[in-house]
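The model shown is predicted, which means the values in this text are computed figures rather than measured ones. Basis for what follows: all heavy atoms, side chains included, without hydrogens, waters or symmetry-related copies. Naming: A, B, ... by sequence-line order, numbering from 1 per chain.
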Amino acid sequence: MQRKVLVVDDEIAIRRLFEDSLTREGFFVESAQSGVEALLILEREKFDLILLDLRMPDFDGVETLRSIREFDKETPIYIVSGFYNDYMSSLKEVASAGVDFEVMDKPIGRNQILSIVNNTLSGPLTCQEA
Amino acid sequence: MYKFRLFISGFSSATSQIVIEQVKTIMDDNFPGNYTLSIVDVIDDPECARSKMIFATPVLVKHFPKPERRIFGSFIDPKKVLKNLGLTNKK
């Protein structure tokens, strides 16, 4: 069965990076350029994984995360953002409230994207010597 | 003494609690009384994650014995976890 990934990012270059990387590997990818658009898509469709940018105009990633978790506590959500950013205090708030999410750092390459998505959806482990 | 560090996103989330429990169980079963496990919440300590080049959570790092190894993903299968850390399953 084809796995479905929703990419939410206002930057077209980032959306294309995810779309290209994941569709080549056989994933079905749908993209949203805002949190509001993502919520509209999620009203009609379920996904196996959501990749969510933080810094978006109007309705940022933290607000989108909160809204998604009000009706969907199961789907894995990765916040795609650098660890140093203006949203860390908001993220701390939602994390303290027990909201489930994982984080991936930016910038991120194609191999890292595939590693994260494959591991999240199918469970095998990646091994990396430091 | 085996030394591990686990990077998670948010101590309070259900997923993080499950991951912590899974990792502790593997360590207790295989290295009882002979390991240290430090847990880093990347939301609380992003500098640590960045300095260790952690690109996503959850990640388990084996610091000792060398070589250092890091694994990312599911920790549900103890055999896979130990194998990918370069360690032997003692059970």
Interatomic distance, [X] atom [atom1] to [Y] atom [atom2] [nearest 0.5 angstrom]:
| X | Y | atom1 | atom2 | value |
| --- | --- | --- | --- | --- |
| Y78(A) | T57(B) | OH | OG1 | 5.0 Å |
| I43(B) | M88(A) | CD1 | CE | 5.0 Å |
| K73(A) | S13(B) | NZ | OG | 13.0 Å |

Looking only at heavy atoms, what is the nearest atom pair of [X] and [Y], with distance?
| X | Y | answer |
| --- | --- | --- |
| S12(B) | A95(A) | CB-O, 3.3 Å |
| F72(B) | S115(A) | CE2-O, 3.8 Å |
| R50(B) | K106(A) | NH2-O, 4.1 Å |
| S16(B) | D100(A) | N-OD1, 4.5 Å |

Side chain, backbone, both or neither of D41(B) within contact of chain A (heavy atoms, under 4.5 Å): neither
More than 12 foreign heavy atoms under 6.0 Å from [atom1] of [X]: is that the case here?
| X | atom1 | value |
| --- | --- | --- |
| Q17(B) | CD | yes |
| K4(A) | NZ | yes |
| I76(B) | CD1 | no |

Non-neighbouring partners of E93(A) that pass salt bridge (charged side-chain N to carboxylate O under 4.0 Å, His left out), sequence neighbours left out: R66(A)
Shared hydrophobic cluster, L87(B) / M1(B) (ILVMFWY, side-chain heavy atoms < 4.5 Å): no
Listed once per pair and sorted, the side chain to side chain donor-acceptor pair (under 3.5 Å) pairs that draw on residues 9-19 of chain A, sequence neighbours left out: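 As it turns out, the side chain to side chain donor-acceptor pair (under 3.5 Å) pairs with a partner in residues 9-19 of chain A, which skip direct neighbours, are E19(A)-S31(A).
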